[in-house]
S.K.: 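Got a structure here, written out as structure tokens. Questions coming.
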Amino acid sequence: MSGQSRSAAGPAGPLGGPAAPAPLAPRARLLPALAAVYRAQLSRARVARIPLLFVATFQSIGIMVLMRGVVDGGSEARAVVAGSSVLVVAFVALNLLAQYFGQLRASGGLDHYATLPVPPAAVVLGAAGAYASFTVPGTIVTAVTGSVLFQLPMTHLWVLVAVVPLAGAALAGLGAALGLLAPRQELATLLGQLGMSAALLLGVLPADRLPQPVGWARDLLPSTYGVEALARSFDTRPDWPVIALDLAVCAVVGVLSLAVATWAYRRAAVR
């Protein structure tokens, strides 16, 4: 009986007492965990999201073709091309990411990530980076097509190197926050669609044609500053300090939106 009692109590320590629990593995550092989540999300979304990327690209090109009938050139043409290019980012990074995190929360998929020894920021940043990476080809194709369609110079299209990641970070953070904070999966899908519609209406339409209250709402949209930076790059002599300021504002908004998304992930994961 005594042997059975001792075995039921657990393995004995070196002095006959109960053994100390084995130490847990240390949590992964942020950068290695971020790289692992990014690679996993990239491989997962490669097959499922590429068709949707084609849809986003054709949608933006179709909008430019329609606007070609009412816009001849000048600042309005630059606004249409810039807004349509960033719309590809909004479709993937905002709309699809809101749906993904909404589905992940509804299906209990967050429990899987919660058991992994990775920081919450790595999960959010890795997923946001993977989704934003899919927007690069479509954004380039849309910008080049729009430049040809409206006869805009393509000398400074390299600005997309800064616009895509900064606008993508801001919109991806917003999309992740919407998906994680929405109480139901259907509401997350609706919010993602509304966010993409706002990016369409407030980004593609020229700012000087919008009513003043709508213009204030446009200033609150994270992608607006990426649109403005890209639109100004089509000028013959771009105002680089103003472009740099727009990109800086976009970067600050991106950091804030990703921070909110990380907080929303922690909040949703512990429930």
Side-chain angles (χ1 to χ4, degrees), residues 34 37-38 40-42 44-46 48-53 55-57 59-60 83-107 109-110 113 120-136 138-139 163-204 217-218 220-227 249-269:
L34 173 60
V37 173
Y38 174 81
Q41 289 289 339
L42 200 63
R44 174 192 173 278
R46 185 174 300 163
R49 303 308 178 190
I50 284 181
L52 294 175
L53 177 59
V55 172
T57 305
Q59 172 185 263
S60 295
S84 299
S85 301
V86 177
L87 181 62
V88 179
V89 183
F91 183 88
V92 177
L94 194 162
N95 183 27
L96 296 185
L97 199 60
Q99 295 182 32
Y100 170 72
F101 273 108
Q103 179 184 5
L104 201 66
R105 181 183 179 186
S107 63
L110 290 180
Y113 285 105
V123 177
V124 174
L125 293 175
Y131 274 70
S133 296
F134 277 99
T135 67
V136 175
T139 305
V163 170
V164 171
L166 294 179
L171 292 172
L174 178 60
L178 291 177
L180 290 167
L181 293 175
R184 297 179 58 185
Q185 179 181 351
E186 296 80 7
L187 185 57
T189 301
L190 175 62
L191 292 175
Q193 292 283 352
L194 290 176
M196 190 197 68
S197 299
L200 167 61
L201 296 175
L202 302 179
V204 175
R218 183 177 184 270
L220 297 176
L221 192 66
S223 59
T224 296
Y225 303 97
V227 172
V249 173
C250 196
V252 171
V253 174
V255 171
L256 293 177
S257 64
L258 289 172
V260 172
T262 302
W263 168 81
Y265 170 81
R266 290 195 183 99
R267 179 175 177 270

S.K.: Hey, what do you get for CZ (R105) to OH (Y100), rounding to the nearest 0.5 Å?
M.R.: 15.0 Å
S.K.: Minimum heavy-atom separation for A199 to L221, with atom names?
M.R.: CA-CD2, 3.6 Å
S.K.: Check whether any side-chain heavy atom of F91 sits under 4.5 Å from a side-chain heavy atom of S60, and report yes or no.
M.R.: no
S.K.: Might you point out which heavy atoms bring A128 and L258 nearest each other, and give the distance in Å?
M.R.: CB-CD2, 4.2 Å
S.K.: How long is the straight-line distance from CG of L96 back to CZ of F134, given to the nearest 0.5 Å?
M.R.: 10.5 Å
S.K.: So do V86 and V163 actually touch side chain to side chain, heavy atoms under 4.5 Å?
M.R.: yes
S.K.: Which heavy atom of A261 sits nearest a heavy atom of A176, and at what distance?
M.R.: CB-CB, 3.9 Å
S.K.: Does Q193 reach the side chain of N95, with side-chain heavy atoms less than 4.5 Å apart?
M.R.: yes
S.K.: If only atom types and distance count, is the side chain of S257 paired as donor or acceptor with the main-chain N or O of A170 below 3.5 Å?
M.R.: yes
S.K.: Could you list the residues that satisfy side chain to side chain contact (heavy atoms under 4.5 Å, CB included) with L190, not counting sequence neighbours?
M.R.: L187, L194
S.K.: Give a yes or no on whether the backbone of Y131 and the side-chain of T135 come within a donor-acceptor separation of less than 3.5 Å.
M.R.: no
S.K.: With A122, which residues qualify under side chain to side chain contact (heavy atoms under 4.5 Å, CB included), at least two apart?
M.R.: L30, A33, L34, P119
S.K.: As an exercise, state the distance from CZ of R218 to OG1 of T224, rounded to the nearest 0.5 Å.
M.R.: 5.0 Å
S.K.: Of all the heavy-atom pairs spanning L166 and A251, show the shortest one and how long it is.
M.R.: CD2-CB, 3.8 Å
S.K.: Over all heavy atoms of both residues, which pair between G195 and L94 is shortest? Give the atoms and the distance, please.
M.R.: CA-CD2, 3.9 Å
S.K.: Quick one: does V88's side chain get under 4.5 Å of Q59's, heavy atoms only?
M.R.: no
S.K.: Hey, what do you get for CE (M196) to CG (L201), rounding to the nearest 0.5 Å?
M.R.: 9.5 Å
S.K.: To the nearest 0.5 Å, what is the distance between CG (L104) and CG (L180)?
M.R.: 8.0 Å
S.K.: Would you check if R266 and T262 make a side-chain contact, meaning some heavy-atom pair closer than 4.5 Å?
M.R.: yes
S.K.: Tell me, please, which residues at least two apart from A98 pass side chain to side chain contact (heavy atoms under 4.5 Å, CB included).
M.R.: L178
S.K.: Can you name the nearest heavy-atom pair linking L171 to P222, along with the distance?
M.R.: CD2-CB, 4.4 Å
S.K.: Y265 pairs by side-chain contact (heavy atoms from CB on, under 4.5 Å) with which of V124, L181, V260?
M.R.: V124
